[in-house]
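Each chain gets a letter, A, B and so on, in the order its sequence line appears, and its residues count up from 1.
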There are 2 protein chains.
Amino acid sequence: MTDALEGKLATDRASKRKAEKRGRLLSAARKLFIQRGYHETRPQDIARAADVAHGTFYSHFHDKREIFMAFASEAQEDLHQFVVERIPKVESFEEYIYYALNAIQEFAEQNPGLLRSALVDTKVFDPSDSTGKVVRSKFAAGFIKILKMSRTNDELYDDIDPELMGHAMMGLIQSTAPQAYRMGKSREEFVQLLARFLIRAMVKSPKNL
Amino acid sequence: MTDALEGKLATDRASKRKAEKRGRLLSAARKLFIQRGYHETRPQDIARAADVAHGTFYSHFHDKREIFMAFASEAQEDLHQFVVERIPKVESFEEYIYYALNAIQEFAEQNPGLLRSALVDTKVFDPSDSTGKVVRSKFAAGFIKILKMSRTNDELYDDIDPELMGHAMMGLIQSTAPQAYRMGKSREEFVQLLARFLIRAMVKSPKNL
DNA sequence: TATTTTTCATGACAATTTGTCAATATCGTA
DNA sequence: TACGATATTGACAAATTGTCATGAAAAATA
């Protein structure tokens with residue numbers, strides 16, 4: 001967490017024991033943030049749910065804001081991992097979109113409430129985080145990468161800015177997924193609608209519709 | 001606030017005095033939430049900044065969550081108003097998009113930080129608000145309306161679901177606007193990029209590119 | 001205007017939450 | 001087993017959140 005540049009091995013992977021507690025805290029936090037929301041979740045509650053003394057909470061996280069950031073970060077990491085694992089070698093941007101959307105929806109189904117809670121713009125909690133530490137950006141990076149490649153291949157329109165549109169895709173998915181859920185759309189339908197939308201918007205000569 | 005169905009005029013628009021304090025509180029809250037964020041803003045701070053006793057805070061809002069919701073709601077209302085005023089009679093969806101995007105960007109410039117803070121998915125603060133009270137939806141309603149009309153006119157692709165895509169547009173704008181700002185894009189450029197994107201995605205036979 | 005009634009604001013106080021830290025326990029190693 | 005390093009604990013102190021009796025201001029009544 002802090003600078004790991006001390007001694008030799010430094011704390012070298014946080015003495016296991018410590019890491020274990022941290023994991024417990026994060027896991028409890030995840031449950032509570034999703035269930036009760038930020039406001040109604042007290043550091044105490046997290047400690048209790050994690051079965052550690054509440055003093056321990058503060059040796060791992062400075063305050064609630066910090067554990068929330070960690071929570072959001074972790075969720076995003078998980079999603080990223082999940083999606084990456086499910087995308088085979090693809091030949092085109094179009095293919096990629098379908099795989100990615102499917103994976104994201106699957107993840108959302110397996111982790112109800114998680115994306116909704118974790119993919120917020122963390123600026124609200126910590127305005128000083130004006131940098132790019134914005135949580136979503138890490139995941140958006142995946143999109144940005146494929147967008148760049150596809151632009152090089154000349155698959156996409158010239159006015160597509162990979163950087164910008166990577167974020168756009170995140171925002172789109174985030175706002176759309178819960179809504180589709182509320183509207184009772186199936187995963188297939190959701191993926192179709194969004195994929196077509198994105199492909200028309202970005203791909204010069206779509207192969208599938 | 002409560003049931004206004006008593007006597008005749010009931011309290012009918014909160015006795016002026018009270019409304020005034022409430023306004024002061026909201027205005028102070030807006031400043032602080034943007035400046036310091038949710039976490040670092042205490043109800044006390046809001047009361048102090050609004051120049052009222054801190055007990056007064058609680059007679060207007062139950063807690064911080066509630067005033068945050070009110071803040072978000074108000075900001076959204078303002079944006080909606082602002083945009084509506086700036087959209088003349090339009091002939092096509094395309095035209096609408098350009099006006100709307102321009103207006104939104106102008107609003108964002110005039111109110112730095114506001115959209116970023118206020119357009120969050122309030123589910124994080126209050127998970128029980130699973131309904132459509134989601135803050136963004138009020139504003140999205142504007143998009144949904146024009147989308148419906150345009151679909152009736154057969155301007156849009158058949159697979160465009162106005163309900164879903166209204167929200168999609170919000171998410172897109174929200175995630176994209178701050179990013180464009182960070183990337184140093186001008187308002188004109190931003191509007192162009194996003195407009196083209198949206199038009200290609202939705203309009204069957206675009207007139208302008 | 002004087003009197004009564006209602007509504008609101010206030011800040012002292014109580015309750016809860018947050019954060020600190022000296023004492024203690026646990027782990028790895030000699 | 002003893003030692004040193006590190007992590008955990010919970011009692012305590014600090015800060016915050018929330019309540020409510022009191023009185024001031026506005027509105028209603030006369």
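Closest to the side chain of Arg17(B), from the set dT17(C), dT16(D), dC8(C), is dC8(C). Side-chain proximity of Pro43(A) to dT18(C), dT10(C), dT8(D): nearest is dT18(C). Comparing dG18(D), dA11(D), dA9(C) by their nearest atom to the side chain of His60(B) picks out dA9(C). Side chain of Lys21(A), nearest nucleotide from dG19(C), dT8(D), dA26(D): dT8(D). Among the nucleotides dT10(C), dC8(C), dT8(D), the one closest to any side-chain atom of Lys18(B) is dC8(C). With dA11(D), dT10(C), dT17(C) as the candidates, the nucleotide lying closest to the side chain of His54(A) is dA11(D).
The side-chain heavy atoms of Gln105(A) and Leu194(A), taken from C-beta on, include no pair separated by under 4.5 Å.
In this structure, Glu20(A) atom CD and dA25(C) atom C1' are separated by 16 Å, rounded to whole Å. What separates OH of Tyr58(B) from C1' of dA12(C) is a distance of 15 Å, to the nearest Å. Straight-line distance from the CG atom of Asp51(B) to the C1' atom of dG11(C): 15 Å, rounded to whole Å. Whole-Å rounding puts the Arg42(B) CZ to dT17(C) P distance at 16 Å. For the pair Asp63(A) CG and dT20(C) P, the interatomic distance rounds to 10 Å; values are reported in whole Å.
Taking 4.0 Å as the cut-off between side-chain N and carboxylate O, Arg24(A) and Asp51(A) do not count as a salt-bridged pair.
Across all strands, Lys64(B) comes closer than 4.0 Å to no nucleic acid atom at all (heavy-atom distances).
Atom CD of Gln110(B) is surrounded by more than 12 heavy atoms from other residues, nucleotides or ligands within 6.0 Å.
Projected onto DNA chain D by closest heavy-atom contact, His39(A) and Ala53(A) fall at different nucleotides, the more 5' of which corresponds to Ala53(A).
In this structure Thr41(B) satisfies the side-chain contact (heavy atoms from CB on, under 4.5 Å) test together with Leu32(B), Phe33(B), Arg36(B), Ile46(B), sequence neighbours excluded.
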